[in-house]
Chemist: 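Handing you a structure now.
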There are 2 protein chains.
Amino acid sequence: MFDHCLYFNTAALARRLDREWALAYKPFGLTTPQGFMLRAVLARPGRLPSELADDLEIARPTATRALDALQEKGLIHRQVRSADGRQTAIAPTASAIEMGRGLNEASAEVSRRLKHVLGEAGFAETVLRVRDTRSALRA
Amino acid sequence: MFDHCLYFNTAALARRLDREWALAYKPFGLTTPQGFMLRAVLARPGRLPSELADDLEIARPTATRALDALQEKGLIHRQVRSADGRQTAIAPTASAIEMGRGLNEASAEVSRRLKHVLGEAGFAETVLRVRDTRSALRA
DNA sequence: GAGTAATAGTTGCATAGCTAATAAAAGGAG
DNA sequence: CTCCTTTTATTAGCTATGCAACTATTACTC
């Protein structure tokens, strides 16, 4: 019925992919968004919530909530910056750093599996089209 | 950071597109998912919640909630089927039918605008790639 | 330097989505 | 017929997301 609708197809695919990732991150006690947030923190420790929100293309309050969840699990901590008291640096805990390697391996495994199912070329082409579409709608 | 991740790009695009549709449906007092659900009901009155859930590729409980919202707004009503007491037929109210034309026009307008921004070919190609990816992950 | 504007983060409130559990009806086996 | 299974729909509980409003801090203006 909505076969030709970009929104419908995109949203349905996003839900489907979330299930893949959720399964991969479950052993770490993380949901999909939490897993991505933690990977972003691990990739560049000390960044601000607003920067992380930009990275993940989510609203700032959503980033706050994801960070709350990670803090609750003892995976990140917040440190108010002395230079500017409005800003808080987000750093991974030792426990998160330890988890990092496994998390990246699990992530790579999901990508591998998807590429296998979709074909290397099909996967790349789809990512490209979706990213281009996002860029075009940037405004 | 997640430029090559299919999930990240797809989920971000879905959120971006939701904003377009939300704007278009706002004058009708509907959210994006509610608008799509109502269009599905209007397209084929008398169907079951489970069939609508399949159409929209959402879980049955999610369909129940969307229908609750539409019923609350006086746009659909549920009728238990006499043939099988487990099933309920979903029908649009007169008010919903009246809204139907405007809703479809607003929907067409969104598609038109997106095609204009993305280019007719780019739009079609993206829809195709996303739909094919969904099919490939059907299993 | 006092008052105003801007900025970072958070909180409040609402919606959508899922899984698991429940209720009710129908179907099937004996 | 009675018990068990299957099916439809719903409810319960949780997470993610966004907008709007609020707080605290910094920056700017005069």
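Note that the coordinates shown come from a computational prediction; the quantities given were computed from them, not determined experimentally.
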Chemist: Does any residue of residues 39-47 of chain B have a heavy atom under 4.0 Å from DNA chain D, and if so, which ones, in number order?
Modeler: none
Chemist: Going 5' to 3' along DNA chain D, which are the first and last nucleotides with any atom under 4.0 Å from a heavy atom of chain A?
Modeler: D:dT15 to D:dT26
Chemist: Which is true for A:Thr64 with a 4.0 Å heavy-atom rule: it touches a base, it touches only sugar-phosphate, or it touches nothing?
Modeler: base
Chemist: With sequence neighbours left out, what residues match A:Arg112 under side chain to side chain donor-acceptor pair (under 3.5 Å)?
Modeler: A:Glu109
Chemist: If a pair satisfies side chain to side chain donor-acceptor pair (under 3.5 Å) and one of its residues is in residues 42-54 of chain B, list it, with sequence neighbours excluded.
Modeler: B:Arg47-B:Asp55
Chemist: Quick test of your reading: applying salt bridge (charged side-chain N to carboxylate O under 4.0 Å, His left out), list the pairs with at least one residue in residues 116-133 of chain B, sequence neighbours left out, ordered by first then second residue.
Modeler: none
Chemist: In whole angstroms, how far is the P atom of C:dG9 from the CD atom of A:Gln71?
Modeler: 14 Å
Chemist: With sequence neighbours left out, write down each residue that passes side chain to side chain donor-acceptor pair (under 3.5 Å) with A:Gln79, or none if nothing qualifies.
Modeler: none
Chemist: Return the set of residues passing side chain to side chain contact (heavy atoms under 4.5 Å, CB included) with B:Ala43 (not counting sequence neighbours), or none when no residue passes.
Modeler: A:Met1
Chemist: Provide the closest heavy-atom pair for B:Leu42 versus B:Gly100 in the form atom of the first, atom of the second, distance.
Modeler: CD1-CA, 3.7 Å
Chemist: Go along nucleotides 15-20 of chain C 5' to 3' and tag each nucleotide: B for a protein heavy atom under 4.0 Å from its base, S when only backbone or sugar atoms are that close, - otherwise.
Modeler: SSSBBB
Chemist: Tell me if the centroids of the rings in A:Phe36 and B:Phe8 come within less than 6.0 Å of each other.
Modeler: no
Chemist: Could you note down all residue pairs passing salt bridge (charged side-chain N to carboxylate O under 4.0 Å, His left out) where residues 93-103 of chain A supplies at least one of them, sequence neighbours left out?
Modeler: A:Arg101-A:Glu105
Chemist: Which residues pass the ring pair (Phe, Tyr, Trp, His ring centres under 6.0 Å) test with B:Phe28, sequence neighbours left out?
Modeler: none
Chemist: If every non-hydrogen atom of A:Val117 is compared with every non-hydrogen atom of B:Ala136, which pair is closest and at what distance?
Modeler: CG1-O, 3.7 Å
Chemist: Determine the minimum heavy-atom distance between A:Gly85 and A:Val80, stating which atoms define it.
Modeler: O-CG1, 3.7 Å
Chemist: Tell me, which of residues 80-90 of chain B have any heavy atom that sits under 4.0 Å from an atom in DNA chain D?
Modeler: B:Arg86, B:Gln87, B:Thr88
Chemist: Grab the two heavy atoms, one from A:Ala89 and one from A:Arg81, that are nearest each other, plus how far apart they are.
Modeler: N-CG, 4.0 Å
Chemist: Kindly write out the residues that satisfy side chain to side chain donor-acceptor pair (under 3.5 Å) with A:Ser107, not counting sequence neighbours, or none if the list is empty.
Modeler: A:Tyr25, A:Arg39
